[in-house]
Amino acid sequence: MASQRRTEQPLILYYHPALYFSQRVVLALEEKSISYKTTFVDSQAGQHMSPWYRQVNPEGEVPSITHNGHNIGDSNELIEYLDKTFPDTPQLQPNENTSEGYKVRYWRNKINSLPVEFITFGCMMFRNELTQGSSIPDHVTHNLQGQMGSVRERYTQQFRLHPDGQRRYNDETARFDVFGRAVSDIDKVREQIGVLDMVLEEIENQLGKTRLTCGTDEDYWLVSQRFTAADIYLGVLLNRIEFAGLAYHFKGPMPLLTDYYARIRRRPSYKKAIINVSSVLFKLLVIPSIVKKVKSIAPYALGIGLVIAAVVIGYKYIPP
């Protein structure tokens, strides 16, 4: 959690640490050193459609925050809200009437236009054909269509438990069906990766202009010497590109972007929000399952000790 700042009410972030849009908000909170609490929402299990979460966010958007009576669920609006509500923290979205502010807004819109989810799943579907050095585990890419069907079934189960969510259920399952058919077409996936490549080339050119304007090879970011919302959007995007196995599209061929990625990965906020996701997920998902499993098989007298041992051994070998 970031360092404490005075607020009227605690800011609560509802999120999944591995989700693309959640990472943007965590990175913004850490950059601004705003104190916050977190509630894990397992969207893969359909929790974002559950009645308790729809009371937080009626549209089931993840992430979302509650703070001082406000419920906000769009990552763009969340970052703007943090700037307005915490004016004594580093401002991530400069005034749009300035050149810097205009550029930040431009890159926000440009990066938002990319079909990141589609490209990610496409790389899962065609891992051997399209990727190099993908971080996606083999068990995730194996029988991906079957796994997507399992997610759809979880939505069905949520609907059976909570029939008042029929509209949301219908929207989600329809989206899944269309998405599943499209992402199974390798030509469509290649087409969108081509769009991504053009944006990366434009970013490389922007970095060259910014470096020239700032007159430095190190102390500059995407649009200026300040770290802004544009860098939050780009930093999270680059991590997702690497995760999907497409980093070879910019590492090497685009030297300024390669250097930029190395520099942003050294920022403490970036390490907390993105690089350390593995350990966060382990605490949220793996430890509870280990505890549940060990408790179910261990004799009562040895239960506590075995649970602790299992957790320690498991955590020791989780990737940093």
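- Taking CG of Leu246 as the reference point, atom CG of Leu200 lies at 9.0 Å (rounded to 0.5 Å).
- Looking only at distances, no side-chain donor or acceptor of Thr39 sits under 3.5 Å from a matching main-chain atom of Tyr14.
- Formation of a donor-acceptor pair under 3.5 Å by the Ser134 side chain with backbone atoms of Thr131 is not found in this model.
- Clustering ILVMFWY residues whenever any of their side-chain heavy atoms sit less than 4.5 angstrom apart, transitively, puts Trp52 in a cluster other than the one holding Ile72.
- The backbone N or O of Phe250 lies less than 3.5 Å from a partner atom in the side chain of Thr258, making a donor-acceptor pair.
- Across Leu27 and Ser269, no two heavy atoms sit closer than the pair CD1-OG, 3.5 Å.
- The two residues His67 and Thr85 make their nearest non-hydrogen contact at CE1-CG2, 3.6 Å.
- Val223 approaches Ala230 most closely through the heavy-atom pair CG1-CB, 4.4 Å.
- You'll find the side chain of Leu13 reaches within 4.5 Å of the side chain of Leu29, heavy atoms only.
- When hydrophobic clusters are built by joining Ile, Leu, Val, Met, Phe, Trp and Tyr residues whose side-chain heavy atoms come closer than 4.5 Å, directly or via intermediates, Ile79 is grouped together with Leu238.
- If you chain together hydrophobic residues whose side chains sit under 4.5 Å apart, Leu196 and Val189 fall into the same group.
- In this structure, Phe227 and Ile264 have side chains that are in contact, with non-hydrogen atoms separated by less than 4.5 Å.
- Within a 6.0 Å radius of OH in Tyr102, other residues, nucleotides and ligands contribute 12 heavy atoms or fewer.
- Asn57 contributes no side-chain N or O that, together with a main-chain N or O of Val62, makes up a donor-acceptor pair within less than 3.5 Å.
- For the residue pair Asn109/Tyr233, the side-chain donor-acceptor check at 3.5 Å is not satisfied.
- Rounded to the nearest 0.5 angstrom, Glu30 CD and Gln23 CD are separated by 12.5 Å.
- Side-chain N or O atoms of Glu204 include one that pairs as donor or acceptor with a backbone N or O of Leu257 at under 3.5 Å.
- Expressed to the nearest 0.5 Å, how far CG of Leu237 lies from CG of Asn112 amounts to 10.0 Å.
- In this pair, Trp221 and Tyr260 present their aromatic rings perpendicular. The plane angle is above 60°, beyond the 30 to 60° band.
- Taking NZ from Lys110 and NZ from Lys103, the interatomic distance works out to 15.0 Å, rounded to the nearest 0.5 Å.
- Two residues are said to be in side-chain contact when any heavy atoms from C-beta on lie closer than 4.5 Å; Thr38 and Ile12 fail this criterion.
- Rounding to the nearest 0.5 angstrom, the gap separating the CD atom in Gln91 from the NZ atom in Lys84 is 11.0 Å.
- At a threshold of 4.0 Å, the pair Lys32-Asp83 counts as salt-bridged, since one of the basic side-chain nitrogens sits closer than that to a carboxylate oxygen.
- Side-chain atoms of Arg265 never come within 3.5 Å of backbone atoms of Ile275 as a donor-acceptor pair (strictly under, hydrogens ignored).
- Taking 4.5 Å as the limit, every side-chain heavy atom of Leu222 sits out of range of all side-chain heavy atoms of Thr210.
- Residues Glu242 and Lys251 have side chains in contact (heavy-atom distance under 4.5 Å, counting atoms from C-beta outward).
- Within the 4.5 Å cutoff, the side chain of Thr228 has no heavy atoms near those of the Trp107 side chain.
- Between Glu218 and Arg263 the shortest heavy-atom distance is O-NH1, 2.9 Å.
- For the pair Glu77/His70, no side-chain contact is recorded, criterion being any heavy-atom separation below 4.5 Å from C-beta on.
- Under a 3.5 Å cut-off, the side chain of Arg24 and the backbone N or O of Val236 do not form any donor-acceptor pair.
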Item to complete: Would you check, one step at a time, whether the test side chain to side chain contact (heavy atoms under 4.5 Å, CB included) holds for Leu11 with Leu82?
Response: CA-CA 10 Å; Leu11 188 153; Leu82 296 178; 3.8 Å; yes

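- Put simply, the residue from Leu19, Ile232, Leu78 that forms a side-chain contact (heavy atoms from CB on, under 4.5 Å) with Val25 is Leu78.
- Put simply, Val56 and Val26 are part of two different groups of oily side chains (I, L, V, M, F, W, Y) that touch within less than 4.5 Å, one to the next.
- Remark: Thr98 OG1 to Arg105 CZ distance equals 11.5 Å, nearest 0.5 Å.
- Nearest heavy atom pair, residue Ser224 against residue Cys214, reads C-SG, 4.0 Å.
- No side-chain donor-acceptor contact under 3.5 Å links Gln93 to the backbone of Val104.
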Practice prompt. Could you please spell out the steps behind the side chain to side chain contact (heavy atoms under 4.5 Å, CB included) verdict for Asn239 and Tyr20?
Written response: CA-CA 9 Å; Asn239 176 74; Tyr20 182 74; over 6 Å; no

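- Between the side chains of Ser64 and Tyr53, at least one donor-acceptor pair of N or O atoms lies under 3.5 Å.
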Practice prompt. Let me see the working for Glu31 and Thr89 under side chain to side chain contact (heavy atoms under 4.5 Å, CB included), right down to the final yes or no.
Written response: CA-CA 9 Å; Glu31 278 291 329; Thr89 64; over 6 Å; no

Fill in: Ile241 and His249: CA distance, side-chain angles, deciding distance, side chain to side chain contact (heavy atoms under 4.5 Å, CB included) verdict
CA-CA 9 Å; Ile241 291 172; His249 283 240; 5.7 Å; no

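- Minimum heavy-atom separation, Cys123 to Ile193: SG-CD1, 4.4 Å.
- A continuous path of ILVMFWY side-chain contacts below 4.5 Å connects Ile274 to Phe21, so both sit in one hydrophobic cluster.
- At least one donor-acceptor pair closer than 3.5 Å links the side chain of Tyr270 to the backbone N or O of Gly235.
- Legend: residues meeting side-chain contact (heavy atoms from CB on, under 4.5 Å) with Asp187, ordered by chain and number and at least two apart, are Asp185, Arg190.
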